Protein chains: 2
Amino acid sequence: MPNIKDVAKKAGVGIATVSRVINDSGYVKKETREKIEKVIKEISYVPNEIARSMTRQRNDIVAFILPNSTHLFFGELLYFVEEELYKYGYKVMICNSSEKIEKEIVYLDMLKNNRVDAVILLTNNDIDQYLDKKLPLLSFDRRFDGVPFVASDNYEGGVLAAKRLIEQGCKKMMFIGDDAQGDSTPVMTEVTKRRLGFLDYIKEKGYPEMINIEYPLGDYIHIPENIHKIINEHPEIDGIFTISDAVACDVIKELENNGRRVPEDVKVIGFDGGRSFLNLGKKITSIGQSPKLIAEAIRRSIINFYKKEEIENQIIPVYFQEGETA
Amino acid sequence: MPNIKDVAKKAGVGIATVSRVINDSGYVKKETREKIEKVIKEISYVPNEIARSMTRQRNDIVAFILPNSTHLFFGELLYFVEEELYKYGYKVMICNSSEKIEKEIVYLDMLKNNRVDAVILLTNNDIDQYLDKKLPLLSFDRRFDGVPFVASDNYEGGVLAAKRLIEQGCKKMMFIGDDAQGDSTPVMTEVTKRRLGFLDYIKEKGYPEMINIEYPLGDYIHIPENIHKIINEHPEIDGIFTISDAVACDVIKELENNGRRVPEDVKVIGFDGGRSFLNLGKKITSIGQSPKLIAEAIRRSIINFYKKEEIENQIIPVYFQEGETA
DNA sequence: TTGTAAGCGTTATCAC
DNA sequence: GTGATAACGCTTACAA
């Protein structure tokens, strides 16, 4: 592959002048510029971005560490993050952790070697001690000391769900979510606030009998078998709020398999927006979070890393999504 | 950030020796190695991968150009591709094209600048003329002259669908798919073979009355309104094979909205495997393709680029996925 | 075993 | 306006 020297030689100029033309920086006489441009075309020269990164000491790559791209919400978030950053000249490296802390650690290391311009971190793992806080790190739905974050307004989401269930006449509520947001781990994510908002509002309105179910975090999609049992042991429950649409789906199937109608007997609200491109049944009533707004916020923070401005945490609004299960 | 010189100076050795330690190459006396390792820890030196790419003339980055990561099948494929390549030390750059050829072209250019080690291309666009065939390019479900490819056994998928519908007693068949695989574009993708396999088998078995519907490629999820009309104009049809599960879902809803029961009155088979993590209704009967097997094949081809071996095209088996709609 | 020095392909700083 | 030349941080002959 031809390099800048080849261009310079063939055009009979110095490499500095070629560089000026490529980057459109500094003064270059019109004829010189044209000659150089011609040569570039002729030998189909393409500037080597690696060498460029070398001198500029940055490479316009942002890495996104997330559990996977198969869960719809993650896939959407990834999509919009890429779209946003693309507009600003960044490329996105995808780092699936499969929820495994080991893989997150390896990636964090690797990314340090690669001198990526920023790392977006989406995880439920107890990874604080492995974070190099001097790096341009941004987290989503999670607080780490010294790391700026973007999060959905999870608390408000919980409140919205509670309001809806109460409006619909529910008396005995249940919350179902994984314990990555619970008291049993050192991890405290912003997602916990879905439960808190829900709980607070229900208490405030005088419905004290809430049943709170937490289970070990698995694949984000299925809930453990024993949780099904607990659900069935509580026929008095008439309103359920779940940590995600995936869990809501699982719960609704379990209820219906056991002869309880949704929403007639039990109302169920999920979280994420109730979207699915492949659903032949009823639409889940849900609290929606907007991957597009979140991606814009993430992009804003990342751009600010390079403006050396103070990076402010950002809370993104959620909304109530009408459906057929509550 | 400290560099290799800092390490060398502090350890009182030459930079070549440090390099040998880092890369575990060549002979280094045990004590020297230990001293160097100690210094590396002390000043928390991290080798600069950009500089490394510079001399090695490769960067272990593979780019994946695909329409999006929100369509479940794409999200899954992306996930497994990343997983496979990660095992072999590659990082994956995600390039969402949103099906737009302009964005594909920009990415193709950008990737040339970035000297990525390989580009995986998944597209339905007429982009042949923009491909630099000298680059390490690999395509999925699509043939380009001079570009190796990996594809699902789409033809066999069509045959499997036809067999099933015939077994289930269907007499009048219909195929519904976008025209990116049709005769109206210069593009001929491997996906066309879903239709061909279906058609051939049905003809072979003496069911000549197949209705073939093609529509302009949109978002991979919804079909145009006028197609709904066509479906309803054919009450005699009792077996439908669609280009994807997403289309099958759309079609089934349309049929049911118009009082035709699935699978009692009309049987419908989709393509992709009928997976969905959020489905409260019946499961779609489908022809499955395995993103994991495909990802492995892709990884194999990419590794071979660097073994300078002949890259063979690979056809990946599909399977019949039992469901409730056929 | 180890160190020196020549690349790798740019950008940026100076002179001219 | 333009051209040498010194970085940037590493790998790898080649010499010692």
Side-chain angles (χ1 to χ4, degrees), chain A residues 1-40 43-61 89 109-117 306, chain B residues 1-40 43-61 89 109-117 306:
Chain A
M1 268 199 162
N3 61 26
I4 199 169
K5 266 189 198 160
D6 301 326
V7 178
K9 204 183 299 168
K10 183 140 191 192
V13 298
I15 58 168
T17 310
V18 179
S19 177
R20 285 188 199 101
V21 170
I22 297 168
N23 297 290
D24 205 16
S25 63
Y27 303 98
V28 181
K29 213 199 315 179
K30 203 172 160 226
E31 298 96 81
T32 321
R33 150 165 286 122
E34 281 163 0
K35 188 166 47 173
I36 290 173
E37 280 167 348
K38 190 158 150 277
V39 172
I40 287 179
I43 66 176
S44 49
Y45 161 73
V46 187
N48 184 321
E49 198 62 29
I50 298 179
R52 207 148 168 268
S53 303
M54 181 96 183
T55 37
R56 296 195 321 147
Q57 291 298 302
R58 45 177 299 188
N59 54 13
D60 295 327
I61 294 179
D109 260 26
M110 192 186 280
L111 296 170
K112 206 187 280 183
N113 292 341
N114 279 279
R115 306 291 199 270
V116 296
D117 289 355
Y306 290 89
Chain B
M1 269 200 164
N3 61 24
I4 199 170
K5 265 190 198 159
D6 300 328
V7 178
K9 203 182 301 167
K10 183 139 191 195
V13 300
I15 59 168
T17 310
V18 178
S19 177
R20 285 187 200 101
V21 170
I22 297 168
N23 296 290
D24 205 16
S25 64
Y27 303 98
V28 181
K29 212 203 310 183
K30 201 169 162 231
E31 296 97 81
T32 321
R33 150 164 286 122
E34 281 163 359
K35 188 168 47 175
I36 291 173
E37 281 167 347
K38 188 158 153 275
V39 172
I40 288 180
I43 67 177
S44 47
Y45 163 71
V46 187
N48 183 323
E49 198 63 27
I50 298 179
R52 212 154 161 262
S53 304
M54 183 96 180
T55 37
R56 296 195 324 147
Q57 288 300 299
R58 44 177 300 187
N59 54 15
D60 295 326
I61 294 180
D109 261 26
M110 191 185 281
L111 297 170
K112 204 186 283 184
N113 292 341
N114 280 277
R115 305 291 198 272
V116 295
D117 289 355
Y306 290 89

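Just so we're clear, the structure is a prediction, and the values are computed from it rather than from any experiment. Proteins come first, then strands; the chains are lettered A, B, ... in the order of their sequence lines, and each starts at number 1.
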### Query
Does A/N114 reach the main-chain N or O of A/V116 with its side chain, forming a donor-acceptor pair under 3.5 Å?
no
### Message
Can you measure A/E49 atom CD to C/dT10 atom C1' for me and round it to whole angstrom units?
### Response
10 Å
### Summary
When rounded to the nearest 0.5 Å, the distance separating CD of A/E37 from OG1 of A/T32 is 10.5 Å
### Task
Calculate, to the nearest 0.5 Å, the distance between atoms OG1 and CD1 belonging to B/T55 and A/I50 respectively.
10.0 Å
Nucleotide N/O of nucleotides 6-8 of chain C paired with protein N/O under 3.5 Å:
| residue | atom | partner | partner atom | Å |
| --- | --- | --- | --- | --- |
| C/dC8 | O3' | B/Q57 | NE2 | 3.4 |

#### Entry: Whole-Å gap separating P (D/dG9) and CG (B/N59)
18 Å
### Message
Nearest 0.5 angstrom please: A/Q57 CD to A/D117 CG, how far?
### Response
10.5 Å
## Note on the structure
Closest to the 5' end of DNA chain C, once A/S25 and B/V13 are matched to their nearest nucleotides, is B/V13
### Query
Given atom CG of A/D60 and atom C1' of C/dT11, what is their separation to the nearest angstrom?
14 Å
### Task
Any chance you could lay out the side chain to side chain contact (heavy atoms under 4.5 Å, CB included) test for A/V46 and B/R115, step after step, and finish with the verdict?
CA-CA 10 Å; A/V46 187; B/R115 305 291 198 272; 4.1 Å; yes
### Message
So, OP1 or OP2 of C/dG3: does either fall under 4.0 Å of a side-chain N or O from B/Y27?
### Response
no
### Query
Hey, does the side chain of A/R52 come within less than 4.0 Å of C/dT11's phosphate (OP1/OP2), counting only N and O?
yes
### Task
Show your working on side chain to side chain contact (heavy atoms under 4.5 Å, CB included) between A/N3 and A/M1 and close with a plain yes or no.
CA-CA 7 Å; A/N3 61 26; A/M1 268 199 162; over 6 Å; no
### Message
To the closest 0.5 Å, what do you measure between CG (A/D60) and CG (B/N113)?
### Response
11.5 Å
### Message
Could you tell me how far apart A/K112 (NZ) and D/dG9 (P) are, to the nearest whole angstrom?
### Response
17 Å
Donor-acceptor pairs under 3.5 Å, side chain of residues 7-30 of chain A to any protein atom, not counting sequence neighbours: which ones?
| residue | atom | partner | partner atom | Å |
| --- | --- | --- | --- | --- |
| A/S19 | OG | A/N23 | ND2 | 3.3 |
| A/N23 | OD1 | A/R52 | NH2 | 3.4 |
| A/N23 | ND2 | A/S19 | O | 2.9 |
| A/D24 | OD1 | A/R33 | NH2 | 3.1 |

### Query
Starting at NZ of A/K29 and ending at P of D/dG1, how long is that distance when rounded to a whole Å?
7 Å
#### Entry: Euclidean distance, atom CD1 of residue A/I50 to atom C1' of D/dC10 [Å, nearest integer]
13 Å
### Task
Could you grab the distance from atom CG of B/D6 to atom CD1 of B/I40, nearest 0.5 Å is fine?
11.5 Å
### Query
For DNA chain C, which residues in residues 16-24 of chain B have a heavy atom at a distance below 4.0 Å?
B/A16, B/T17, B/R20
### Message
Output the rounded distance in Å from CD1 (A/I4) to P (D/dA6).
### Response
17 Å
### Query
Atom NZ of B/K30 to atom P of C/dT2: distance rounded to whole Å?
13 Å
